[in-house]
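A short write-up of the structure that comes next.
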Amino acid sequence: MIRMERSHVNPHVVLLPYPLQGQIKPMMSLAELLASAKVTFVNTDHNHDLLLRNTDITSFCNRFPNFQFRSIPSGLPANVIRSGLTAKDVFDAMKAVSKPAFRDMLISLGEETEQRQRPTCVIADGILCFLTLDVSKELQIPLLTLRTHNASYSWIYFHFPKLIEDGHIPFPDENMDKPVAGIPGFENFLRNRDLPGTCRVKTSDNDYLLQFFIGETFAMPLKLKPP
């Protein structure tokens, strides 16, 4: 009997959170769970600078020796007040600047490390498909997505088109306790006030943020998508 020798490949996971604290923290928790593999955690330059100023990086890296931090530009001016920006400002800047920078960084990671430590997958925030999907396909690196809110919200997002079709979005009146039907598993208890804030719009067709979240939700690479 001939035994086949299987070469050991040490996984190298690249994580890319959306650049807000509420999304960075859950992604960091996931990164720590994966830290037995090689992990590269990618922030924007702005958040990377905040991390360096407020975290004992030396102590952290001593705990997780396979962990490294990298950064890419967000496309936003360094002196701009982040709280005054719209979501469209952030997404447009990231698409123009962060997307090519992320691609270049993945290529450089593959060139500067040993063969068995080149990026083997990317885990990105689920609303960054516009930045990661084309790049991962081009470089043939598997892409996984993480939505940092709870699973119930993700299930609701998948049913946004049906909620619009059934007249639940925009809200037909100001009754926030009005029941919302049409989402399997949520019958008899979901109300208008339980829906994500992106549902509180005046029009569904022309609202940038609502349409963006619908597009990003259905762009996520899934084996099986809800109807």
Do [X] and [Y] have side chains that approach each other closer than 4.5 Å (heavy atoms only, starting at C-beta)?
X	Y	answer
Phe102	Arg70	no
Pro19	Met94	yes
Val39	Phe64	no
Pro119	Thr40	no
Ser74	Val90	no

Inset, instruction - Indicate the atoms forming the closest heavy-atom contact of Glu187 with Gly185, along with that distance. - result: OE1-N, 2.9 Å
Inset, instruction - Measure across Thr148 and Gly22 and return the closest heavy-atom pair with its distance rounded to 0.1 Å. - result: OG1-O, 4.2 Å
Inset, instruction - Could you grab the distance from atom CG of Leu146 to atom OG of Ser154, nearest 0.5 Å is fine? - result: 8.5 Å
Inset, instruction - May I have all residue pairs that pass salt bridge (Lys or Arg N to Asp or Glu O under 4.0 Å) and include part of residues 201-216, sequence neighbours excluded? - result: none
Inset, instruction - Would you list the pairs meeting salt bridge (Lys or Arg N to Asp or Glu O under 4.0 Å) in which at least one residue belongs to residues 92-101, sequence neighbours left out? - result: Lys88-Asp92, Lys99-Asp134
Over 60° means perpendicular and under 30° means parallel, so tell me whether [X] and [Y] are parallel, tilted or perpendicular.
X	Y	result
Phe189	Phe186	perpendicular
Phe212	Phe130	perpendicular
Trp155	His159	perpendicular

Donor-acceptor check, side chain of [X] to backbone of [Y], threshold 3.5 angstrom: yes or no?
X	Y	answer
Asn192	Asn175	yes
Asp89	Thr86	yes
Thr55	Leu52	no
Arg118	Gly110	yes
Asp166	His168	no
Gln211	Ser204	yes
Ser98	Pro73	yes

Inset, instruction - Flag this pair as yes if the NZ/CZ of Arg147 is under 6.0 angstrom from the six-membered ring centre of Tyr157 and inside a 45 degree cone about the axis; otherwise no. - result: yes
Inset, instruction - Could you verify whether a donor N or O on one side chain and an acceptor N or O on the other, from Ser59 and Asn62, lie under 3.5 Å apart? - result: no
Legend entry - Among Leu50, Asp49, Asn43, side-chain contact (heavy atoms from CB on, under 4.5 Å) partner for His46: Leu50
Inset, instruction - Return the set of residues passing side chain to side chain contact (heavy atoms under 4.5 Å, CB included) with Ser71 (not counting sequence neighbours), or none when no residue passes. - result: Asp45, His48
